[in-house]
Each structure stands twice: as structure tokens, then as C-alpha cells.
Amino acid sequence: MRKHTIILILGFLAASSLLADQPLQQRDQWQLEDPAAWEWQGEGDATTLVLKKPSQYKPKVRRPFNLAWFGGAEFGSFTLTCEARLDVFNKGNNDVCIAFGGRGESEFYYAHLGETADGVHLQVHVVNQADRKAITTNRAKALPWKPDHWHSIKLVRDASTGSIQVWFENELVLEASDTAFGKGRIGFGSFDDLGAFRKVTITSAAESVQQIEVVAGGGTLVENAPATQCKVTQPFGIAFDPQDNMFICEETHRLLRVDAKTGVLTVVTAAKGKNAPAGDNGPAKDASFIAPHNLVADAEGNLFIADTYHYAVRRVDAKTGLVTTFAGNGSKELSGDGGPATSAGLDGLACLCFNHDFTKLYLGGFSKVIRVVDMKTGIITTVPGIGGSRAMAVDSKGNLFTAAGSGVHMLATDGKTTVLNDPTAAPLLKGVKHLWADRDDNILIADAGNHLIRKFMVAERRLVTLAGVGEKGIAGVPGPALQAHLGEPHGVVTHPRTGDIYIADSRNHRVLRIKQPQ
């Protein structure tokens with residue numbers, strides 16, 4: 001039996017009016033899961049909470065055995081700083097824990113600050129009505145705990161993005177991302193390893209107001225100038241290559257490129273008549289597209305374009321610039337399952353999306369089915385278990401999402417289909433044109449009928465608005481995203497490296513960006 005003690009010296013500092021009204025050192029605002037294991041000492045800034053003996057508390061799921069929760073306030077985005085100490089070092093992996101986002105005894109996050117990284121120690125965990133689950137995305141190999149020494153710790157939580165970061169002695173040692181819980185309580189404790197905390201401060205962060213700006217369109221020039229000085233007409237699709245260059249397809253038949261380094265826009269393919277030759281096996285500048293609705297890039301930067309009324313998927317080679325037909329025989333029909341994609345008939349193609357490792361390309365549109373092409377074999381098949389949609393997305397786990405009515409359907413990797421909706425959402429989704437899975441596997445939605453960009457929080461079954469006021473217009477840009485007027489946005493994607501949100505504001509003839517905290 002270990003006989004060492006955790007001491008919490010709660011010298012909390014008020015950092016806002018909320019914290020000043022509810023000073024954290026007040027004893028009556030703390031809930032102790034095992035009161036017999038704890039003892040209060042001191043007063044005011046020197047208030048000390050001592051874990052004087054091992055706890056007899058038995059959690060329902062695997063999680064820290066004993067936590068002291070501050071119940072006077074809930075925190076969404078915040079910065080916590082403190083000093084921590086391990087009093088006695090035993091054989092094994094000693095640790096202390098900081099809990100946050102607490103909504104109940106089996107719903108919270110915690111940072112498990114162990115000496116050495118293994119399956120459970122030196123991890124960020126989520127407890128969500130089940131045994132703890134590690135969600136760490138990056139971590140150090142060990143923490144340099146020293147006997148009888150106070151170490152500085154900082155934990156930063158951004159509830160809007162899900163970001164969790166932990167520093168130990170000014171070194172970033174833990175990173176994770178999760179949005180299962182927003183605001184919640186903060187607590188301290190351990191499993192059976194004891195130590196001490198002191199000089200704790202919590203600074204509550206005001207929710208950031210996301211800004212929106214024009215990155216292409218709004219000008220009068222044709223090309224070879226900054227993208228914001230050039231004319232963009234009815235942009236429908238946006239894609240980025242591995243070098244961060246942005247490509248835009250217009251309903252008016254053009255394909256545009258914005259250089260990542262210079263911001264200069266050039267015309268890759270100019271608009272041509274509907275009866276112009278498609279231009280296969282020639283350079284992109286000589287090719288023709290008919291109202292392309294969407295485009296995506298693979299890992300090598302090859303572009304795949306939903307050439308809607310050529311009833312084909314066209315490919316632009318990243319190295320040669322040559323255009324070929326990747327899928328579709330030019331006929332408006334549904335045919336060719338089990339054979340080469342180039343021999344298949346496609347009906348009203350409007351959306352393309354790759355899975356996370358680029359082994360599958362999904363094709364959606366105006367028909368009743370979704371098709372998929374195996375990128376290794378070139379064979380096309382119909383996706384079973386889910387109906388057709390012009391708006392699709394695939395998350396990092398391989399789940400397929402489609403827009404249907406006022407909700408979102410999810411076809412899981414096990415073949416089960418689930419209807420996802422938020423009954424409290426207002427307004428209901430209307431005329432959805434595009435979906436996109438962000439880095440946290442939430443689904444961005446181009447809600448064209450409501451002139452909004454929205455996000456469906458999959459784990460929370462919650463629909464939130466990211467941009468737009470719900471009325472068609474052009475005002476409010478640049479400015480707060482929620483005060484911007486949009487015009488039937490047909491596309492929304494995230495930048496693969498920064499996570500910034502890009503919007504094809506179609507009827508306003510511009511591309512917009514919502515920058516994300518870095």
C-alpha cells in the first residue's frame with residue numbers, strides 16, 4: 001500500500017468576472033468523490049486540499065479512482081497552469097491526473113501525466129460512458145519527474161476546434177483533438193499514485209469570433225494577377241494539390257488555378273462551346289468541360305473533375321498537364337458496373353470524393369445511386385446500402401456521408417446506414433449542394449437553400465452554423481463569418497494542412513475563406 005500524499009494548494013486567480021464571482025478556492029464549491037480520502041487545510045490563497053489516504057471510491061468504468069471536482073463553473077476553452085510534484089517514486093509508472101470537460105462521473109477528459117509513455121500513461125484519455133480511451137495524437141516519450149521538485153504544467157483546451165495541448169516544464173508533451181464534450185468541470189486526482197498540485201490558475205477564453213474574407217473573385221481582370229483582382233464566375237468546386245495550390249471549377253466551364261506562393265490566378269482551361277471537342281489526350285488548355293460541378297486532387301496532385309454534362313470524370317495529370325477521361329463513356333445512363341470505369345454510363349455527375357488513402361473515388365450526382373471506382377483496378381461498382389446524392393463526404397474512418405432531405409445519412413464501414421439529424425436545428429437543411437469531412441470527422445455542409453455554411457457535429461448529433469445570416473446577399477465580407485451574406489454556396493472544403501475553410505460562394509462569384517486558429 002502506498003503511503004504518500006497528494007496535496008492541492010489551490011491558489012486560484014480570478015481571470016474574468018465569472019471567475020471573480022466564483023473564486024475557486026472556496027471549499028463549498030468542490031465535490032469530492034471520496035470525502036473520507038480528502039482533508040482541507042489552510043485558507044484563502046493558501047487553501048490546500050490533501051488526499052490523505054488511498055481512495056475507496058469505485059468508478060463504474062475504468063478511469064481515475066478518485067477526483068476532486070470544482071463545481072462552481074464550467075469551462076469550454078481555457079488555459080490552466082499549475083505546479084505539480086510527485087512525493088514518492090515507486091517501482092512502476094507514477095502519475096497524477098488533470099480532468100476537464102466534466103459532465104458526469106463517466107463523461108470527461110483527463111491528462112494522465114505518467115513518467116513513461118505506454119498504452120495508458122502519458123496520454124490524453126476520453127471517458128464517455130465507457131472505459132477510458134486514449135485519444136492522443138502526439139506525445140513525448142517520458143516526463144522528467146524529479147523527487148521533491150515542483151514542475152510547471154500548462155493545459156490548453158480549445159473547445160471550438162477540439163484541440164488539447166499539455167506542456168511540462170515549457171515543453172509540449174501531449175496533443176489530442178476531440179469534440180465529444182464542450183464546456184465542463186475541471187478536477188484533479190489520481191489512480192493510486194499520489195503527489196501534489198499548487199499555484200493553480202485557470203483563464204477562461206472567450207469564444208473566438210471567426211472571420212471570413214475573399215480569397216478569389218470580385219475583380220475585373222481575367223488572369224495573371226492576384227486572385228482577388230480577377231473575375232470568378234459561379235464557382236462550384238474547390239480543391240488543393242499537395243503544394244497548396246488552389247483549383248476552382250466554374251459552372252461556366254472554366255478551370256482556374258491560384259498559386260499558393262504568389263496568390264496569382266491563372267486560367268487552366270477557358271470556357272468553350274458545348275459542342276467543342278472534349279480534348280482528351282491533349283493539354284488542359286485545349287480541353288473543354290461542360291458545367292463542371294466539383295473536383296478533387298489525389299496524393300500526387302492529379303486533378304479529377306466532375307465534368308457534369310460530358311457525363312464523365314476527367315483527369316488532369318499533375319506532371320504532364322494532359323487531360324484524359326477517367327470514368328464515363330459520355331452517355332447519360334447508369335451502366336457498366338463490374339467493368340472498367342471508362343466504359344460505364346454516368347448520369348448527372350455532380351460530386352467526387354476520395355477516401356482517406358485515395359484507394360477509392362466516389363461518384364455522386366443526380367441519379368438514385370452512388371458509384372465507386374477502385375483506384376488500383378479501375379473497376380466501377382454501385383455502392384450498396386445508401387441512396388444517391390449530389391453531396392457526399394468520406395471521413396478518415398471510411399464512413400460515407402450523403403445529404404438527404406433535411407438530414408445527413410451515414411453508411412458505416414460495417415454496412416449499416418444511420419440517419420443523422422438535429423431535431424433542434426433551425427432552419428432545417430435546404431438544397432444542400434456539397435458535404436466535406438473536416439479533420440475532426442465532422443461534416444461541413446454547403447446549405448445553399450438557406451445561404452449558409454453549417455457543420456454537423458457527428459458525435460454530438462448537433463448542427464451548428466459557421467457562416468451566413470440565412471438571407472441571400474453579398475454584404476458583410478470581410479468580417480465575422482456569422483454576419484456575412486452568402487449566395488447559394490455550392491462548395492465547402494478544408495485546406496489539407498491548415499484546416500482553413502474555403503467556400504464556393506457561387507452566386508456571389510467569389511471564393512471565401514474562414515481562417516482557423518493555428
Side-chain angles (χ1 to χ4, degrees), residues 61 74-77 100-109 125-133 135 157-164 176-185 207 210 353 356 364 370 385-387 389 391-450 452-468 470 481-482 492-494 499 501 514 516:
V61 299
E74 292 187 340
F75 300 89
S77 300
F100 53 99
R103 306 201 312 191
E105 66 173 12
S106 300
E107 290 183 312
F108 58 91
Y109 302 103
H125 293 272
V126 61
V127 179
N128 194 355
Q129 297 293 339
D131 289 353
R132 65 185 175 193
K133 176 184 177 182
I135 56 173
R157 164 70 169 164
D158 186 335
S160 65
T161 65
S163 171
I164 301 165
S177 182
D178 191 85
T179 56
F181 306 133
K183 286 187 176 181
R185 297 187 299 166
E207 296 298 328
Q210 293 189 318
C353 59
H356 72 285
I370 291 174
I386 196 165
S389 175
M392 303 180 302
V394 180
D395 69 11
S396 65
K397 304 177 185 66
N399 300 310
L400 175 66
F401 296 81
T402 65
S406 61
V408 177
H409 290 187
M410 181 180 76
L411 176 63
T413 54
D414 61 5
K416 295 181 180 179
T417 302
T418 304
V419 178
L420 308 176
N421 57 50
D422 177 357
T424 68
L428 297 176
L429 296 174
K430 179 182 177 183
V432 172
K433 303 300 185 185
H434 193 229
L435 302 181
W436 184 266
D438 69 11
R439 294 188 296 186
D440 298 318
D441 285 341
N442 294 312
I443 305 302
L444 303 183
I445 303 170
D447 186 358
N450 289 311
L452 298 171
I453 297 298
R454 307 174 83 173
K455 176 165 66 172
F456 191 84
M457 313 288 285
V458 176
E460 301 176 38
R461 298 295 195 270
R462 185 163 60 95
L463 183 66
V464 298
T465 296
L466 301 180
L482 290 174
V492 59
V493 302
T494 56
I501 299 171
I514 304 175
Q516 301 299 296

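This chain uses plain numbering: 1 for the first residue, then up along the sequence. In what follows, every heavy atom counts, from backbone to side chain, and hydrogens, waters and symmetry copies are set aside.
- Atom-to-atom distance recorded for D438:CG and I501:CD1 is 7.5 Å, nearest 0.5 angstrom.
- Between the CE atom in M457 and the CD1 atom in I443 there is a gap of 11.5 Å [rounded to 0.5 Å].
- Applying the ring pair (Phe, Tyr, Trp, His ring centres under 6.0 Å) test to F100 and every residue at least two apart in sequence or in another chain returns Y109.
- The closest donor-acceptor contact from the side chain of S77 to the backbone of A159 lies under 3.5 Å.
- For A446, the side chain to side chain contact (heavy atoms under 4.5 Å, CB included) partners two or more places apart in sequence, or in a different chain, are H434, I453, V492.
- Between F181 and R157, the closest heavy-atom pair is O-NH2, 2.6 Å.
- Under the side chain to side chain contact (heavy atoms under 4.5 Å, CB included) criterion, T465 pairs with L452, R454, L482, sequence neighbours left out.
- For the pair H356/V394, no side-chain contact is recorded, criterion being any heavy-atom separation below 4.5 Å from C-beta on.
- Between the NE2 atom in H409 and the CZ atom in F401 there is a gap of 12.0 Å [rounded to 0.5 Å].
- Side-chain atoms of Q516 and Q210, non-hydrogen and from C-beta on, do get closer than 4.5 Å to each other.
- For D441, the side-chain hydrogen bond (donor to acceptor under 3.5 Å, both in side chains) criterion is met by S396, K397, not counting sequence neighbours.
- Taken to the nearest 0.5 Å, the CG atom of D395 stands 12.0 Å off from the CG atom of L435.
- Annotation: the span from R462 atom CZ to T179 atom OG1 amounts to 8.5 Å, rounded to 0.5 Å.
- Rounded to the nearest 0.5 Å, atoms CD1 (I370) and SG (C353) are 7.5 Å apart.
- Between the N450 side chain and the G470 main chain, no donor and acceptor come within less than 3.5 Å of each other.
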Determine all donor-acceptor pairs shorter than 3.5 Å in which one atom belongs to a side chain in residues 412-422; sequence neighbours excluded.
residue	atom	partner	partner atom	Å
D414	OD1	K416	N	3.0
T417	OG1	G385	O	2.6
D422	OD1	T424	N	3.0
D422	OD1	T424	OG1	2.6
D422	OD2	T424	OG1	3.4
D422	OD2	L463	N	2.9

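- Side-chain atoms of K430 and D447, non-hydrogen and from C-beta on, do get closer than 4.5 Å to each other.
- Applying the side-chain hydrogen bond (donor to acceptor under 3.5 Å, both in side chains) rule to T494 yields the partners W436; only residues at least two apart in sequence or on another chain are considered.
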